[in-house]
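Values reported hereafter were calculated over all heavy atoms of this structure, with side chains retained and with hydrogens, waters and symmetry mates removed.
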Amino acid sequence: MAAAVRCGPELSSPDGIEAQTCVVTQGAVTWARTYYRNATGEALDAVLSLMGPDDRTVRMTCAVGAGDEPGACETPREPTRGDLAAYTAVAEFARRGGRGPLLLRSGSNAPVWTVR
């Protein structure tokens, strides 16, 4: 079954993080996904949030390895409620344990859904 996907732009930080964050809907479920690449040389944490109608938020913390290999993080899948346009996703990347500043924030702010 094809999925409807709305992704924000591919972003990168001077520190070496690249990410793109999406809202994904397939059938009657919706979730957030962020694709990333970590070239900082150290392990990081990513906090991925899916915000939906009726002030519902699902949050997931993902360990981001120190390697330069592409990776992905997803929130749990939730039943879709209401209008798909009401869903947004945000991923925030920072050093492990919240030490230091935010390194990158990536969002699903594209106005158009695509089918994948």
Side-chain angles (χ1 to χ4, degrees):
M1 176 184 292
V5 181
R6 189 179 75 222
C7 297
E10 294 179 24
L11 301 175
S12 61
S13 76
D15 298 302
I17 303 293
E18 298 174 5
Q20 183 178 34
T21 301
C22 308
V23 173
V24 184
T25 298
Q26 187 173 38
V29 294
T30 299
W31 67 98
R33 178 185 297 151
T34 189
Y35 302 97
Y36 61 81
R37 181 176 227 130
N38 177 11
T40 65
E42 63 182 291
L44 304 173
D45 284 334
V47 176
L48 178 59
S49 301
L50 173 67
M51 290 140 311
D54 302 323
D55 296 325
R56 293 188 50 81
T57 300
V58 177
R59 181 178 278 181
M60 183 77 183
T61 300
C62 300
V64 176
D68 190 20
E69 295 299 315
C73 172
E74 292 186 348
T75 63
R77 297 171 187 213
E78 295 283 315
T80 303
R81 294 175 172 87
D83 185 11
L84 290 180
Y87 284 90
T88 58
V90 174
E92 297 178 316
F93 294 83
R95 291 190 169 77
R96 298 303 284 289
R99 295 185 307 266
L102 179 66
L103 301 175
L104 182 67
R105 179 178 288 131
S106 171
S108 64
N109 52 342
V112 177
W113 288 85
T114 59
V115 177
R116 291 187 185 171

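- Taking the side chain as every heavy atom from C-beta outward, Thr40 and Arg95 never approach each other to under 4.5 Å.
- Going from atom OG of Ser106 over to atom OH of Tyr36 covers 13.0 Å, rounded to the nearest 0.5 Å.
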Practice prompt. I would like to know whether Met51 and Val90 meet side chain to side chain contact (heavy atoms under 4.5 Å, CB included); could you show each step before the answer?
Written response: CA-CA 8 Å; Met51 290 140 311; Val90 174; 3.7 Å; yes
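- Shown here for Ala19 and Phe93, the closest heavy-atom pair between the two residues is CB-CE1, 3.6 Å.
- For the residue pair Leu48 and Thr34, the shortest heavy atom distance occurs at CD2-N, 4.1 Å.
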Practice prompt. Go through the steps to decide whether Thr30 and Thr25 satisfy the test side chain to side chain donor-acceptor pair (under 3.5 Å), and finish with yes or no.
Written response: CA-CA 4 Å; Thr30 299; Thr25 298; 3.0 Å; yes
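- When all heavy atoms of Ala91 and Thr21 are compared, the pair lying nearest together is CB-OG1, 3.5 Å.
- Put simply, the side chain of Leu50 does not reach to within 4.5 Å of the side chain of Met60, judged on heavy atoms.
- The CG atom of Leu103 lies 12.5 Å from the OG atom of Ser12; values are rounded to the nearest 0.5 Å.
- Counting only distance, with no hydrogens or angles, the side chain of Gln20 and the backbone of Gly8 share a donor-acceptor pair below 3.5 Å.
- Taking the side chain as every heavy atom from C-beta outward, Trp31 and Val58 never approach each other to under 4.5 Å.
- Shown here are the salt bridge (charged side-chain N to carboxylate O under 4.0 Å, His left out) partners of Arg56, two or more places apart in sequence or in another chain: Glu78.
- Although no hydrogens or angles enter the test, the distance criterion places a donor-acceptor pair under 3.5 Å between the side chain of Tyr87 and the main chain of Arg81.
- Within the 4.5 Å cutoff, the side chain of Arg37 has heavy atoms near those of the Asp68 side chain.
- Listed by chain and residue number, Arg96 satisfy the salt bridge (charged side-chain N to carboxylate O under 4.0 Å, His left out) test with Asp45 (two or more places apart in sequence, or in another chain).
- Listed here is the closest heavy atom pair of Ala43 and Asn38: CA-ND2, 4.4 Å.
- Residues satisfying the side chain to side chain contact (heavy atoms under 4.5 Å, CB included) criterion with Ser13, sequence neighbours excluded, are Asp15, Ile17, Leu104.
- Heavy-atom contacts from other residues, nucleotides or ligands closer than 6.0 Å to CD of Glu42 number more than 12.
- Contact record, Tyr35 with Cys22: CE1-SG, 4.0 Å, taken as the closest heavy-atom pair.
- Nearest approach of Arg6 to Ala85, heavy atoms of both residues: NH1-CA, 3.9 Å.
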